[in-house]
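Reviewing the structure listed below.
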Amino acid sequence: MTTREPDGLPSQYAPAEVETRRYEQWEKAGYFQPEAQGHSQSEAQQGAAAPAFTIVLPPPNVTGSLHVGHALDHTLMDALARWHRMRGFRTLWLPGMDHAGIATQNVVERELAKEGLSRHDLGREAFVERVWRWKAEYGGKILGQMRRLGDSVDWTRERFTMDEGLSRAVQTMFKRLYDDGLIYRDNRIINWCPRCLTALSDIEVNHEDDEGELVYIRYGDNSKTGDGAGDRTGDGTGTAAGAGGGIVVATTRAETMLGDTAVAVHPDDERYAHLVGKTVELPLTGRRIPIVADAHVDPEFGTGAVKVTPAHDPNDFEIGRRHDLPTLTIMDEHGVITAPGPFEGLDRFEARPAIVAALREDGRIVKEVRPYVHAVGHCDRCGTVVEPRLSLQWFVRVATLAKAAGDAVRDGRTVLYPSEMNARFFGWVDDMHDWCISRQLWWGHRIPVWYGPDGPDGQPQVRCVGPDEEAPAGWTQDADVLDTWFSSGLWPFSTLGWPEPTADLREFYPTSVLVTGYDILFFWVARMMMFGTYAMKDRAPQEAVPFRKVLLHGLIRDQFGKKMSKSKGNTVDPLELIDRFGADAVRFTLARGANLGGDMSLAEDWVAGSRNFCNKLWNATRFALMNGATSVRSGELTELTAADRWILSRLSAVTGDVTRWLDEFEFGKACDALYHFAWDEFCDWYLELAKVPLASGDEAAAASTRRVLGFVLDQMLKLLHPVMPFVTDELWCALTGEDSVMLAPWPEFALPDPAAEAELASLMRLVTEVRRFRSDQGLRPGQRVPARLAGIEGTPLAPHEESIRSLLRLTAPEDGFAVSASLAAEEVMVEIDLAGTVDVEAERKRLEKDLAAARKEAAQTSGKLGNESFMAKAPADVIAKTRQRLADAEADTVRLESRLATLG
RNA sequence: GGGCGAUUGGCUCAGCGGUAGAGCGCUGCCUUCACACGGCAGAGGUCACUGGUUCGAUCCCAGUAUCGCCCACCA
């Protein structure tokens, strides 16, 4: 039940209204823009320009909506941005979106299909126009969702990979690479998606284990004697080339045999040495093809003989080049057989069994068919099995670019977190294939190359056209567009105005940190580093890299540790969680689970737990306000009690810890530290202790406590703000009367007090001990019990007698007080009058259990101290600690024995 | 096929060469005047297995098992 209290704050935090109002206020005030952040509050930085802190948002697909992976990504980025803003950095978090070539085109094509149209019915220009219309209407849903999360991005600098400035950047980059000979066009085997009808780069292909068949086929015919291989075989050279003659090859893609133009064996393979240079007959076709020797062949695999299909397999293509074999294309772009004959017009997956069946008509040809599980490439976008296809495409020559990217990490100009990712990164950049960048799509950046009339060499003239150049009249532009990742690779600098020498580029590049899941380290990070170091090569090397740090966080799994996927139905919608628990709760849960390098699981229960934490903060602040707390500066903290000095000492520790953890991207540890400080130390102990002076009637003591309450709360809310922006802003403003905590200076408070910590630790041990007794005795928590704290005078706990009595609900001894139980704790004998109702058996059981534990501990530690090897080799501090443990255990033993004795 | 990581209470995870931690869940008591989205107390683990190094191993090393991820042009 929510009741409205006199202080104006209801007893439960209601996130929805606060979130909407606060976000609007922040945006309106311009806090997200570095220009409006007013960097004058930090004395340390006066006179000097505030340092810049930059994050570019990994641009989500224009087709996308916010999933829980984004929510984690964004929470970490926003926490970093907010933290740096509070520390006085000119902070820019730049948002934007990716045009997502294939994904977007597919979406719009599906929409067209509902109208019975294909993109070809519209034509290129109208189709692209239609995609833009789709974008205007439905695209970018994710941007609105980011506001719900509280993302403090600078909306005035939002960019899109297809907007005019970025398109110029793309064209400029292409032209520079082209002029430097780093872009070329070639006829090569590329990954082809027969459904999307476009080339794909290696990273757009996912390898999955599929069940297939390995078919052993005998090439060459020994039913007739005569030329070729047949007449020399059958001489016991093994099963491969054995009885029956010819040569047996193994294949998983039987249909490609129609395009075979050779059989290859290893040059050192003695089984086949006599066949090299001969020809065999290719079944079903009547063609004779040569047997060649090539070192690529693995003699151990299959029969050691490989069919060679240069037009349909990348390895075979290379073999074909080395041996000058013809390329025979037998399939069209849809994966339909085009080779004349009975299989023409069949889809590749229909042709495969059909061809095996046809081969089987002659019982001697198919030697064996065995089930075979092997990795097959699938289109990243639609899942269709990728077909290697020979075609004319554009490529980036990556060797030098990739090396530069690798060097940036090797030199420490860019640091990966966690560093375990270095090995993966190097493995990738050091062995990268040339990047196929042309796509047979309509949605994307058109390749800026134009073709004219034939030149002197009989080939059409080619010209790469820069952004400020005109193509010669009458020439035609290349029909293809660029891979989406080409433009995203420019993101850290194209968004800041490159290639123009803008002020933003000067100030905010290199960006400070890139935050992303480790799954796209290679997709995207490596490319940005290749392009960034190249585009900025006129800068000093350490200023050329696109980011100084890369934070790679784990993936989010469900509560059972399983990867989330739509097909499993175990996805979590972050917006629904925000609706139910509030954005701060979702953010805190994600940040708390974010351990460097580790994946995290997400369950609703934890979000509920974080929601409870928000509410705890809410009520702690409400309590403080109801008691007249206001924020003060640390200089106003005077007349401090031990409890005050204790909480201030703990605040000092958590301030240092949180700052350090954030600096190391250890969000989980920072959140844990704050959670325990706020809940266990501040709420459960300090607020309870504070009730004594607040209610004491001693106005000086109450005023001092109000100041400490206000100060600690003020600092604590600031420390929490990067991760929980909404609730902290609302509460901090209620406490201080300021407009927003967003630009409040980050706490640097340090007032450690070991003596106070020791004193309060002693108090807590005593209180806990007596509470346990009370619980064991079945006393209701609220029940007042007469008690005497015998012997407290002169101990460090003496000043706390009133607090102890308050925490334990102990009343002063009155007439007729009779000790029915006494517990020795912390040098104090707590004598309690239970009016004779003490449960002796329960107490005896408890004491005997504790006594057994204490004796065991004493025996163990004493044994250790009697061990010569231990005493000789263990370090002094360990021995000292062990001695202390023994002393404690012995003291406990004595104490417990005496308590047992008093039970009678 | 290659590389990397994981294996700790019911669940999800921290931790770390020297007395096992958290959150949630669980048990008992309690509407004590900030909060039942709460308070207090409590139960629960031979830190995957087998060896090794060490005075001492959950932690270091080797091997085994299981799981996960990334990379991959052996047909």
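- Rounding to whole angstrom units, CZ of residue A/Arg580 and P of B/C37 are separated by 15 Å.
- Heavy atoms of A/Thr768 sit under 4.0 angstrom from primed sugar atoms or phosphate atoms, though from no base atom.
- For the P atom pair drawn from B/U7 and B/A48, the interatomic distance equals 8 Å after rounding to whole Å.
- At the heavy-atom level, A/Glu688 lies under 4.0 Å from base atoms of the strands shown.
- The NZ atom of A/Lys864 sits 10 Å away from the C1' atom of B/G17 (whole-angstrom rounding).
- Nearest to the side-chain atoms of A/Gln12 among the listed nucleotides B/C37, B/A41, B/U32 stands B/C37.
- The side chain of A/Lys691 lies closest to B/A34 when the candidates are B/C69, B/A34, B/C55.
- Where A/His676 and A/Ser869 meet RNA chain B, the nucleotide closest to each residue was compared, and A/His676 sits on the side nearer the 5' end.
- In the region residues 611-620 of chain A, proximity to RNA chain B at under 4.0 angstrom, judged on heavy atoms, holds for A/Arg611, A/Asn612, A/Asn615, A/Lys616, A/Asn619, A/Ala620.
- In this structure, A/Glu848 does not pair ionically with A/Lys845, as no charged nitrogen and carboxylate oxygen lie closer than 4.0 Å.
- The side chain of A/Trp679 sits closest to B/G38 out of B/G38, B/C55, B/A34.
- Residue A/Tyr372 is in sugar-phosphate contact alone, with no base atom involved, counting any heavy-atom pair closer than 4.0 Å across all strands shown.
- Picking from B/G23, B/C33, B/A75 the nucleotide with the shortest atom distance to the side chain of A/Arg592 gives B/G23.
- Taking the six-membered ring where tryptophan is involved, the planes of A/Phe682 and A/Phe677 are essentially parallel, since the angle between them stays under 30° and well short of 60°.
- Look at the C1' atom in both B/G39 and B/A34: the space between them is 12 Å, to the nearest Å.
- A/Asp298 comes within contact range of at least one nucleobase, with a heavy-atom separation under 4.0 Å.
- Here B/C55 is the nucleotide among B/A22, B/C55, B/C30 with the atom lying nearest to any side-chain atom of A/Lys873.
- A salt bridge between A/Asp888 and A/Arg885 is absent, with no side-chain N of the basic residue lying under 4.0 Å from a carboxylate O of the acidic one.
- Although no hydrogens or angles enter the test, the distance criterion places no donor-acceptor pair under 3.5 Å between the side chain of A/Glu890 and the main chain of A/Ala858.
- Listed for the A/Arg348 side chain is no donor-acceptor partner under 3.5 Å among the backbone atoms of A/Glu255.
- Counting non-hydrogen atoms under 4.0 angstrom, A/Lys856 reaches nothing in the nucleic acid.
- For A/Trp685, there are no ring-ring contact (aromatic ring centres under 6.0 Å, His included) partners, not counting sequence neighbours.
- A close approach under 4.0 Å does not occur between any side-chain nitrogen or oxygen of A/Arg772 and OP1 or OP2 of B/C40.
- Taking atom C1' in both B/C59 and B/A41, one finds a spacing of 33 Å when rounded to whole Å.
- Side chains of A/Tyr13 and A/Asn619: a donor-acceptor N/O pair is absent below 3.5 angstrom, by distance only.
- Nearest to the side-chain atoms of A/Arg809 among the listed nucleotides B/A43, B/G18, B/U32 stands B/U32.
- Closest contact between the side chain of A/Pro781 and the listed nucleotides B/G18, B/C30, B/A72 involves B/C30.
- For the P atom pair drawn from B/A57 and B/G1, the interatomic distance equals 37 Å after rounding to whole Å.
- Atom OH in A/Tyr675 sits roughly 11 Å away from atom C1' in B/C37 (whole-Å rounding).
- Base contact: A/His433 has a heavy atom under 4.0 Å from a base atom.
- When base pairs are accepted only as Watson-Crick or G-U wobble with both N-N or N-O distances under 3.5 Å, RNA chain B takes part in stems of 3 or more pairs at B:1-7 with B:65-71, B:10-13 with B:21-24, B:26-30 with B:38-42, B:48-52 with B:60-64.
- Between A/Asp684 and A/Val878, the residue whose closest nucleotide on RNA chain B is further toward the 5' end is A/Val878.
- For A/Thr589 (side chain) and A/Ala585 (main-chain N/O), a donor-acceptor pair under 3.5 Å exists by modelled atom type.
- When rounded to the nearest whole Å, the span between NZ of A/Lys845 and P of B/G28 equals 16 Å.
- Nucleic acid contact class of A/Ala375 (heavy atoms, under 4.0 Å, all strands): base.
- Under the 3.5 Å distance criterion, with hydrogens and angles disregarded, a donor-acceptor pair is assigned to the side chains of A/Asp294 and A/His323.
- Checked by atom type and distance alone, the side chain of A/Thr309 never pairs as donor or acceptor with a backbone atom of A/Ala311 at under 3.5 Å.
- For the pair A/Arg592 and A/Tyr675, the cation-pi test (distance below 6.0 Å, angle within 45°) is passed.
- Note on A/Lys669: every side-chain N or O is 4.0 Å or more away from OP1 and OP2 of B/G23.
- For the P atom pair drawn from B/G17 and B/C60, the interatomic distance equals 8 Å after rounding to whole Å.
- For the pair A/Glu857 and A/Arg855, the salt-bridge criterion is not met [side-chain N within less than 4.0 Å of a carboxylate O].
- At the heavy-atom level, A/Glu857 lies under 4.0 Å from base atoms of the strands shown.
- Using modelled atom types, one side-chain atom of A/Asp584 and one backbone atom of A/Phe726 make a donor-acceptor pair closer than 3.5 Å.
- Atom P of B/C55 sits at a distance of 36 Å from the matching atom of B/A43, rounded to the whole Å.
- Residue contacts for A/Pro875: at a heavy-atom cut-off of 4.0 Å it reaches a base atom on one of the strands shown.
- Taking atom CG of A/Asn206 as the reference point, atom P of B/A72 lies 10 Å away to the nearest angstrom.
- Between the CG atom of A/Asp877 and the P atom of B/U19 there is a distance of 11 Å, given to the nearest Å.
- Nucleotides B/G42 and B/A6 have their C1' atoms positioned 32 Å apart, rounded to a whole Å.
- Residue A/Leu214 is out of contact with every strand shown, counting any heavy-atom pair closer than 4.0 Å.
- In this structure, A/Asp776 atom CG and B/A41 atom P are separated by 11 Å, rounded to whole Å.
- Checking B/G18, B/C70, B/G15 against the side-chain heavy atoms of A/Arg424 singles out B/C70 as nearest.
- B/U12 sits 16 Å from B/C26 when the C1' atoms are compared, rounded to a whole Å.
- A/Glu420 has its CD atom 7 Å from the P atom of B/G5, to the nearest Å.
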